[in-house]
A.B. asks: 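Input: one structure, supplied below.
We use all heavy atoms of the structure for the numbers below, so side chains are in, but hydrogens, waters and symmetry mates are not.
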Amino acid sequence: MHDQAKADIIRSLFTAYKNRTRNVVEDLLTDDFTFTSPYDDAIDKTAYFERCWPNSERIKQHVLEAIFIEGDAAFVTYSCEVEGGKQFRNTEFFAFDADRIASVDVYFGATYKDGVFVKQA
């Protein structure tokens, strides 16, 4: 699969997350998908939807800033705005298995409110 197809899959994932179309997200992930973040250590697909999917309710918008693809891997940096005006930037590392996402590792960035940096405790 070429790089543009992988970039399109990533864009589809973010669009589905924003539109809260869980079935689309489920179809984009492999059955043995894992998710890692500062709060989650390689949780499986079931745990991902239990723990992370409810956050989709808060998302107002994602802006994909950069997608870098090499082989079966990609880094994605995006900004996100959630209800209440909170904004943040994250970078995620995607691993692909053919035309589906096998894993995502998320690295949290800074938080903003109304364009002003918010120090985290």
A.B. asks: Any sub-3.5 Å donor-acceptor pair from N19's side-chain atoms to T21's backbone N or O?
C.D. replies: no

A.B. asks: Would you please test L28 and F33 for side-chain contact (heavy atoms from CB on, under 4.5 Å) and show each step?
C.D. replies: CA-CA 10 Å; L28 292 171; F33 170 81; over 6 Å; no

A.B. asks: Which atoms form the tightest heavy-atom contact between V25 and A16, and what is the distance?
C.D. replies: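 So the two residues come closest at CG2-CB, 3.6 Å.
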
A.B. asks: Determine whether Y112 and V118 satisfy the following criterion, side-chain contact (heavy atoms from CB on, under 4.5 Å), listing intermediate values before the conclusion.
C.D. replies: CA-CA 5 Å; Y112 300 87; V118 177; 5.5 Å; no

A.B. asks: Minimum heavy-atom separation for K45 and E26, please, with both atom names.
C.D. replies: NZ-O, 3.0 Å

A.B. asks: Please walk me through it: do D32 and T30 pass side chain to side chain donor-acceptor pair (under 3.5 Å)?
C.D. replies: CA-CA 5 Å; D32 61 349; T30 61; 2.9 Å; yes

A.B. asks: If you take all heavy atoms of L64 and I67, which pair is closest and at what distance?
C.D. replies: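 So the minimum-distance heavy-atom pair works out to CD1-CD1, 4.3 Å.
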
A.B. asks: Parallel, tilted or perpendicular: which describes the rings of Y39 and F108, with under 30° parallel and over 60° perpendicular?
C.D. replies: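 Taking F108 first and then Y39, their aromatic rings sit tilted (interplane angle of 30° to 60°).
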
A.B. asks: Just wondering, do F14 and V76 contact through their side chains at under 4.5 Å, heavy atoms?
C.D. replies: yes

A.B. asks: Side chains of I101 and L13: closer than 4.5 Å at any heavy-atom pair?
C.D. replies: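 Yes, at least one pair of side-chain atoms sits under 4.5 Å.
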
A.B. asks: Any side-chain heavy atom of N90 within less than 4.5 Å of one from C80?
C.D. replies: no

A.B. asks: Do F88 and S79 touch side chain to side chain, with heavy atoms closer than 4.5 Å?
C.D. replies: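 Side chain of F88 against side chain of S79, heavy atoms only: no contact under 4.5 Å found.
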
A.B. asks: Look at D99 together with K6 and state whether they make a salt bridge at an N to O cut-off of under 4.0 Å.
C.D. replies: no

A.B. asks: Got more than 12 heavy atoms from elsewhere within 6.0 Å of CG, N23?
C.D. replies: yes

A.B. asks: Parallel, tilted or perpendicular for F49 and W53, by the 30°/60° rule?
C.D. replies: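 The arrangement is tilted - the two ring planes meet at 30° to 60°.
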
A.B. asks: Any idea which heavy atoms bring K86 and T111 closest together, and the distance?
C.D. replies: CE-CG2, 3.3 Å

A.B. asks: I'd like to check the salt bridge (Lys or Arg N to Asp or Glu O under 4.0 Å) partners of D27; sequence neighbours left out, ordered by chain and number.
C.D. replies: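 So D27 forms no salt bridge (Lys or Arg N to Asp or Glu O under 4.0 Å) with any residue.
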
A.B. asks: Taking the basic N atoms (NZ, or NE/NH1/NH2) and the acidic carboxylate oxygens, is any pair closer than 4.0 Å for R100 and D97?
C.D. replies: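 Salt bridge between R100 and D97, a charged N being under 4.0 Å from a carboxylate O: no.
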
A.B. asks: Which pair of non-hydrogen atoms, one from K18 and one from K60, has the smallest distance, and what is that distance?
C.D. replies: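 Shortest heavy-atom contact: CE-O, 3.0 Å.
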
A.B. asks: Within this structure, what is the OH-CZ distance for the pair Y17 and R22, rounded to the nearest 0.5 Å?
C.D. replies: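 If we round to the nearest 0.5 Å, Y17:OH and R22:CZ are 10.0 Å apart.
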
A.B. asks: What is the minimum heavy-atom distance between A42 and T36, and which atoms define it?
C.D. replies: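 Result for this residue pair: N-OG1, 3.0 Å.
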
A.B. asks: Report the residue from Q87, R58, E57 that forms a side chain to side chain contact (heavy atoms under 4.5 Å, CB included) with V82.
C.D. replies: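 The side chain to side chain contact (heavy atoms under 4.5 Å, CB included) with V82 is passed solely by R58 among Q87, R58, E57.
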
A.B. asks: Heavy atoms, side chains only, cut-off 4.5 Å: are V106 and F35 in contact?
C.D. replies: yes

A.B. asks: Where does the angle between the aromatic ring planes of F93 and F75 fall among parallel (under 30°), tilted (30 to 60°) and perpendicular (over 60°)?
C.D. replies: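 Tilted, since the angle between the ring planes falls between 30° and 60°.
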
A.B. asks: Could you walk me through whether D105 and F94 pass the side-chain contact (heavy atoms from CB on, under 4.5 Å) check?
C.D. replies: CA-CA 7 Å; D105 296 350; F94 286 69; over 6 Å; no

A.B. asks: Parallel under 30°, tilted from 30 to 60°, perpendicular over 60°: which one fits the rings of H62 and Y78?
C.D. replies: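 Perpendicular.
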
A.B. asks: When you measure from the side chain of D40 to the backbone N and O of I43, does any donor-acceptor pair fall under 3.5 Å?
C.D. replies: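 Absent.
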
A.B. asks: Under 4.5 Å between any side-chain heavy atoms of Y48 and L29, yes or no?
C.D. replies: yes

A.B. asks: Should we say atom CD of Q4 is surrounded by more than 12 heavy atoms from elsewhere, each under 6.0 Å from it?
C.D. replies: yes

A.B. asks: Quick check for you: to the nearest 0.5 Å, what is the distance between D44 atom CG and D31 atom CG?
C.D. replies: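 Answer rounded to 0.5 Å: 11.0 Å.
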
A.B. asks: Please report the interatomic distance CD(E92) to OG(S37), rounded to the nearest 0.5 Å.
C.D. replies: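 Result: 9.5 Å between the selected atoms.
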
A.B. asks: Tell me yes or no: between the side chains of T91 and T77, is some donor less than 3.5 Å from an acceptor?
C.D. replies: yes

